[in-house]
Student: 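This is the structure, below, for whatever I ask next.
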2 protein chains.
Amino acid sequence: MCRMARPRKPLLSRDRIVAVAGALVDAEGLAAVSTRRLAAELGVSGPSLYNHFRTKDEILEAVADAVSARVDLSMFDPDAGRDWRAALHDWAVSYRAALADHPNIVPVLVRGPGRRPAGLRVADAVFGAMVRAGWPPAQATRIGALLRFFVTGSALGSFAAGFVDDASAYDPADYPHLGQAHLLAERQERIDRDAFETGLRALLDGLALQHAALPDPAGGGPGPRDNRGDRGGRDDDGSVATER
Amino acid sequence: MCRMARPRKPLLSRDRIVAVAGALVDAEGLAAVSTRRLAAELGVSGPSLYNHFRTKDEILEAVADAVSARVDLSMFDPDAGRDWRAALHDWAVSYRAALADHPNIVPVLVRGPGRRPAGLRVADAVFGAMVRAGWPPAQATRIGALLRFFVTGSALGSFAAGFVDDASAYDPADYPHLGQAHLLAERQERIDRDAFETGLRALLDGLALQHAALPDPAGGGPGPRDNRGDRGGRDDDGSVATER
DNA sequence: ACCTGAACACCGTTCAAGT
DNA sequence: ACCTGAACACCGTTCAAGT
């Protein structure tokens with residue numbers, strides 16, 4: 001009966017806030033998350049959240065980071081025995097699957113890894129593995145970036161999603177090639193997945209051509225060089241000349 | 001002096017609203033666009049906007065469409081004499097440039113072409129040109145989608161943007177490969193552009209391998225088939241078996 | 001330290017009223 | 001037809017007050 005202002009045991013924790021916020025985003029979308037609504041879901045009043053996060057945006061960032069943290073990175077482990085191409089493929093597939101499981105948070109996620117720890121762990125793992133595979137550091141940076149472009153783009157901007165399932169919206173005189181556009185809507189997921197697979201294969205095929213054209217690594221050893229721990233750190237910032 | 005409720009000449013038009021909204025988005029970002037703020041910028045009161053658009057979101061969609069409309073599509077014109085690869089390259093570059101000119105509207109743009117006319121014109125142009133170049137219709141659909149994934153992903157989710165320009169945020173013990181991370185921030189634009197170029201080349205190289213492996217088009221004519229106007233329209237919906 | 005209600009300065013949208 | 005002010009049901013965030 002005692003309606004206290006503060007219970008002996010804290011009602012909230014960052015983890016619980018993030019878990020409930022994530023569930024709410026998944027169930028009802030980003031727009032459903034207001035501080036008042038989220039607080040109600042947690043059984044507290046709105047301003048209570050500000051004891052644990054500085055802004056609502058920080059809460060959403062934490063939700064996004066939790067999703068990023070679920071992306072498998074084990075394929076970049078040197079002990080996993082995956083070559084760079086197989087590792088990139090597995091990573092992209094795992095990355096896309098994680099985003100597809102939580103599509104509503106993707107708009108937050110794509111704002112960049114930011115200070116989110118999981119985003120940084122990903123960038124570090126990709127970079128390290130590509131350098132170990134013989135890619136110049138500047139190129140390793142680009143590969144991490146461009147694969148992220150492709151995966152997040154495929155998770156966010158469904159191409160087929162645009163085609164509304166309403167044939168009357170499309171006058172064939174305006175769009176001579178889109179007569180079947182309304183059919184595309186119902187097959188959206190299939191098309192997006194096929195486009196993702198086609199694009200990923202093309203991307204990896206194209207990168208393989210570039211990798212094959214790489215000069216032998218300095219020192220001329222037979223195996224792939226492994227420079228964990230002793231990179232000079234002076235050419236991993238993009239300062240290496242581009243090759244075109 | 002007469003403060004009339006309605007002037008003899010309308011104060012607003014859809015075009016003027018879109019133009020001012022676009023300028024506001026460019027100058028101060030999406031968050032700065034409230035109906036009241038936009039109306040003030042237009043010299044009217046908030047609710048006036050609802051005489052021209054049904055929702056605020058429709059206004060933003062129109063702004064996004066205006067940006068889409070500025071993407072060059074002339075490279076897909078059969079008279080332009082560009083092969084499919086050169087046309088895709090030029091389109092991707094033009095597309096990215098249009099988005100880079102108006103980065104703040106990109107989150108709206110990536111929600112899909114929707115009913116926006118410009119988005120549909122783009123999809124139609126790419127699809128038509130790819131089919132003319134001999135790609136099976138299902139594959140032509142995928143190519144449009146996957147290039148859109150890559151271009152929008154590169155415009156939205158800057159990889160380097162995540163690295164805050166503050167070395168203290170990165171404990172080398174946590175991220176062994178990111179010692180120079182704070183340097184990345186100031187080179188963000190360069191890295192993103194290089195990653196885009198590297199990825200685009202890889203994508204096109206990879207697609208060229210797939211195109212070269214295509215069986216000869218039915219009918220066995222020497223030139224690329226041109227089926228403008230007489231596609232059956234029954235296999236452009238993704239029903240063609242994938243080749244993996 | 002952690003939660004509360006009240007309050008501030010906003011939102012998008014509706015609507016009756018004006019001309 | 002097109003614009004207005006008033007109003008409704010919200011926002012994110014701050015803050016003094018409680019324990």
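All values derive from a computational prediction rather than experimental measurement. Within every chain, numbering begins at 1; the chains are lettered A, B, ... in the order of the sequence lines, protein sequences first and strands thereafter.
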Student: Hey, which of these two, B/Arg36 or B/Ser13, hits DNA chain D nearer its 5' end, going by closest nucleotide?
Tutor: B/Ser13

Student: Mind calculating the distance between CG (A/Leu12) and P (C/dT4) to the nearest angstrom?
Tutor: 8 Å

Student: Can a side chain N or O of B/Ser45 be found less than 4.0 Å away from OP1 or OP2 on D/dT4?
Tutor: yes

Student: How many whole angstroms separate atom CG of A/Leu38 from atom C1' of D/dC10?
Tutor: 16 Å

Student: Could you give the CG-to-P distance, from B/Leu42 to D/dC3, as a whole number of Å?
Tutor: 10 Å

Student: Atom CZ of A/Arg14 and atom P of C/dC2: how far apart are they, to the nearest Å?
Tutor: 12 Å

Student: Can you see whether A/Phe196 has A/Arg96 sitting over its ring - NZ or CZ less than 6.0 Å from the centre and within 45° of the normal?
Tutor: yes

Student: Quick one: is A/Ser48 getting a side-chain N or O under 4.0 Å of the C/dC2 phosphate, OP1 or OP2?
Tutor: no

Student: Taking the side chain of B/Pro47 as heavy atoms from C-beta outward, which of C/dC2, D/dC11, D/dT4 is closest to it?
Tutor: D/dT4

Student: Suppose we define a pair by two distances each less than 3.5 Å, Watson-Crick or G-U wobble; what does C/dA7 pair with here?
Tutor: D/dT13

Student: Checking contacts here: which listed nucleotide (D/dG12, C/dG12, C/dT4) is nearest the side-chain heavy atoms of B/Lys56?
Tutor: C/dG12

Student: Take the protein atom CG of B/Leu49 and the nucleotide atom C1' of C/dG12, then report the distance between them rounded to whole Å.
Tutor: 11 Å

Student: Answer yes if the side chains of B/Ser74 and B/Asp72 hold a donor-acceptor pair under 3.5 Å, and no otherwise.
Tutor: yes

Student: With a 4.0 Å limit, can you tell me whether B/His52 has a side-chain N or O closer than that to the phosphate oxygens OP1/OP2 of D/dC3?
Tutor: yes

Student: Quick one: label A/Thr35 by what it contacts on the DNA or RNA (base, sugar-phosphate, nothing), any heavy atom closer than 4.0 Å.
Tutor: base

Student: Between A/Arg148 and A/Tyr95, is NZ or CZ placed under 6.0 angstrom from the six-membered ring centre and within 45° of the ring axis?
Tutor: no

Student: Using a cut-off of 6.0 Å, state whether more than 12 heavy atoms not belonging to B/Arg16 lie near its atom CZ.
Tutor: yes

Student: May I have the distance from A/Asn51 (atom CG) to D/dT19 (atom P), rounded to whole angstrom?
Tutor: 17 Å

Student: Between D/dT4, C/dG12, D/dT13, which nucleotide has the shortest distance from any of its atoms to the side chain of B/Tyr50?
Tutor: C/dG12

Student: If you measure from CG on B/Leu146 to CZ on A/Phe150, what distance do you get to the nearest 0.5 Å?
Tutor: 5.5 Å

Student: To the nearest Å, how far apart are B/Arg37 CZ and C/dA9 C1'?
Tutor: 15 Å

Student: Mind calculating the distance between CG (A/Leu11) and C1' (C/dT4) to the nearest angstrom?
Tutor: 11 Å

